[in-house]
Amino acid sequence: MDSTSQPNGNDRPPTSRSQSNTTSSNYIGKHRLTAIISQHNQQIQLIQEELDQLETLGEASLVCGQLISSVESSTDALLPVTRGPADGGWDRWFQRANQSSSSRHRRRWI
Amino acid sequence: MSSSSVSELKERHIAATETVNSLRQRLNHKRLQLLDTDIAGYAKSQGKSPVAFGPTDLLCCRILQGHTGKVYSLDWTPEKNRIVSASQDGRLIVWNALTSQKTHAIKLPCAWVMTCAFSPGGQSVACGGLDSACSIFNLTSPTDKDGNIPVSRMLSGHKGYVSSCQFIPDENNYLITSSGDQTCVLWDINTGLRTSVFGVEFQSGHTADVLSVSISNSNSRMFVSGSCDATARLWDTRVASRAARTFHGHEGDVNSVKFFPDGNRFGTGSDDGTCRLYDIRTGHQLQVYSPPHQQQGGTVPDAPMVTSIAFSISGRLLFAGYSNGDCLVWDTLLAKVILNLGSVHNSHEARVSCLGLSADGSALCTGSWDTNLKIWAFGGHRKVI
């Protein structure tokens, strides 16, 4: 689906380009500029915090090791090779005992 | 007011913009320095071998037919076998996926639905869409004279469409929505009120429509959101004023976000045709999953967009639906496509718009613009070690 914004999320006053009054257009210009500068200052603070934090973070390789461990120690019904224990309920999708004359291939587990 | 103070402000604006840009560059550079490897590089260096599926290992074992329009969203119950789906036909259908039977068909007051979710207890379903509201239906309610289940609660307040909704795990009375109004909201269903609005202050959150949310299973106070502003953001539900972290990298709308099973990572799927895996603690982009036909590091015009993603229960497999009908199964550790469910027997005949794993991880459900849902499970020889 298209992801277009609704037009009504903006709290700032609209700028009218047809206004010829210099004073009011200056006021609106100051108001907008002040708001934008304030946003930028907020962003500067956030980015600086993140930069400071990065000094203490390890490299990606450390994280990769943790991720691989967590994946390999988990059981997964959709993998051809998986850590146990297997759950008998995993096979319920192929047990068609309630269906009559199913043309689907029936599988059993030993 | 004198014009000189306007020009002063303009200078300050220029200076601030330059500072933001140069800090961002430093941040990107520093991050790149810390990316000494991606997951695939690391896994290969450890000698990991890819998952290998035989041709009939992952089989379509159920086709759920009943919608008369495109399927847009689906969600499983925590108790294994039921699914709720939402469609362009203006209905929610609740299925018993094991028997293929429909247990409920809910005709929605607003037909333009985009998302649906099952409550943790399985007694309620939620949906939302272009009406900018999230509606709750109690499945045990008596039907009205037309045979419809009435809305038991309507959550109103968003100023744009509701793109995604999810109940907080183990909480039947709280859910999170994402919206075209650029915010996410935590709702108290009992009161119908917004407990928190994430990103409402200007520039503290997403800067475009939010398309997707995913709540961590291991820490239900954390959730991620994906947006048309090409970022994903991590939120702490106790801190609505600003995102805990913003994740850059995508070059298009982030259509889908999903927490990794271990709760420390999450995946994304985007209009730029790639999926990515991010680490929430460090912010590192750990892996890019770029289909073989795409050039590395750049976008190809008309590359298929990723519509939806899900991880298998261990995280070893990443399922991704694309706008061209592909449904790729990725080995997450080796970043290799091991199967395309879009080109096997019984594949969907149109775009896969949504997908999700059953609670025990034994089945994948895909929903498509071809109006059907399909259930896929492992039907090959399984080796348990």
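Naming: A, B, ... by sequence-line order, numbering from 1 per chain. If you're wondering where the values come from, they're calculated on a predicted model, not measured in any experiment.
A pairwise comparison of heavy atoms in Val51(B) and Pro80(A) identifies CG1-CD, 3.8 Å as the closest pair. Contact between Phe94(A) and Cys61(B) at its shortest, heavy atoms only, is CE2-CB, 4.0 Å. For the pair Ser70(A) and Phe260(B), the tightest heavy-atom approach, listed with the atom from each and the gap, is OG-CE2, 4.4 Å. Across Lys30(A) and Ser5(B), no two heavy atoms sit closer than the pair NZ-OG, 3.7 Å. Nearest heavy atoms, Leu78(A) versus Gly361(B): CG-O, 3.4 Å. Contact between Gly58(A) and His284(B) at its shortest, heavy atoms only, is O-NE2, 2.9 Å.
Proximity to chain A (any heavy atom under 4.5 Å) is shown, for Phe311(B), by neither the backbone nor the side chain. Interface residue Ile313(B): backbone and side-chain heavy atoms are both found under 4.5 Å from chain A. With a 4.5 Å cut-off on non-hydrogen atoms, Leu286(B) touches chain A through its side chain but not through its backbone. The parts of Val20(B) that come within reach of chain A are both its backbone and its side chain, each placing non-hydrogen atoms under 4.5 angstrom from that chain. For a residue to count as touching a neighbouring chain, one of its non-hydrogen atoms must lie under 4.5 Å from one of that chain's; by this rule Asp38(B) touches chain A with the backbone only. Only the side chain of Asp279(B) comes within less than 4.5 Å of a heavy atom in chain A; its backbone stays farther off. Using a 4.5 Å cut-off between heavy atoms, Leu58(B) contacts chain A through its side chain alone, with no backbone atom that close. Using a 4.5 Å cut-off between heavy atoms, Thr75(A) touches chain B through its backbone atoms (N, CA, C, O) alone. Contacts of Thr17(B) with chain A are made by both backbone and side-chain atoms, with heavy-atom separations under 4.5 Å.
Between chain A and the residues Thr246(B), Ile39(B), Asp36(B), the largest count of heavy-atom pairs under 4.5 Å involves Asp36(B). For chain A, the option among Gln287(B), Arg316(B), Arg281(B) with the highest count of heavy-atom pairs below 4.5 Å is Arg316(B). Between chain A and the residues Ser314(B), Ser353(B), Ala363(B), the largest count of heavy-atom pairs under 4.5 Å involves Ser314(B). Comparing Ala60(A), Pro85(A), Ser74(A) by heavy-atom pairs within less than 4.5 Å of chain B, the highest count is held by Ala60(A). Ranked by heavy-atom pairs under 4.5 Å with chain A, the first of Leu27(B), Thr37(B), Asp262(B) is Leu27(B). With chain A as the partner, the residue from Ile375(B), Asn264(B), Leu277(B), Asn81(B) showing the most heavy-atom pairs under 4.5 Å is Asn81(B). Heavy-atom pairs under 4.5 Å with chain B were tallied for Thr34(A), Thr56(A), Val81(A); the largest tally goes to Val81(A). Highest contact tally toward chain B, considering only Asp87(A), Asn41(A), Leu57(A), Leu62(A), is held by Leu57(A) [criterion: heavy-atom pairs under 4.5 Å]. Chain A forms more heavy-atom pairs under 4.5 Å with one residue of Ala97(B), Gly283(B), Ser358(B), Gly54(B) than with any other, namely Ala97(B).
Looking at Thr82(A) and Ile385(B), their side chains never come closer than 4.5 Å, going by heavy atoms from C-beta outward. Residues Arg265(B) and Val63(A) have side chains in contact (heavy-atom distance under 4.5 Å, counting atoms from C-beta outward). A 4.5 Å side-chain heavy-atom check between Glu50(A) and Arg31(B) finds at least one atom pair inside the cut-off. Side chains of Leu46(A) and Arg242(B) form a contact here, defined as non-hydrogen atoms less than 4.5 Å apart.
Surrounding NZ of Lys383(B) are at most 12 heavy atoms belonging to other residues, nucleotides or ligands under 6.0 Å away.
Arg24(B) and Gln43(A) form a side-chain donor-acceptor contact under 3.5 Å, judged by distance and modelled atom types alone.
The CD atom of Gln39(A) lies 10.5 Å from the OG1 atom of Thr207(B); values are rounded to the nearest 0.5 Å. In this structure, CG in Leu98(B) is found 6.5 Å from CZ in Arg92(A), a value given to the nearest 0.5 Å.
Counting only distance, with no hydrogens or angles, the side chain of Arg26(B) and the backbone of Leu51(A) share no donor-acceptor pair below 3.5 Å. Here the side chain of Arg62(B) pairs a donor or acceptor atom with the backbone of Trp93(A) at under 3.5 angstrom.
Applying the ring pair (Phe, Tyr, Trp, His ring centres under 6.0 Å) test to residues at least two apart or on different chains, the pairs with a partner in residues 35-63 of chain A are His40(A)-His13(B).
Salt bridge Arg382(B)/Asp91(A): present, at least one basic N to carboxylate O contact under 4.0 Å.
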Atom pairs and distances, side-chain donor-acceptor, residues 40-48 of chain B, under 3.5 Å, sequence neighbours left out:
from, atom 1, to, atom 2, distance (Å)
Ser45(B), OG, Tyr42(B), O, 2.6
Lys48(B), NZ, Glu72(A), OE1, 3.1
Lys48(B), NZ, Glu72(A), OE2, 3.3

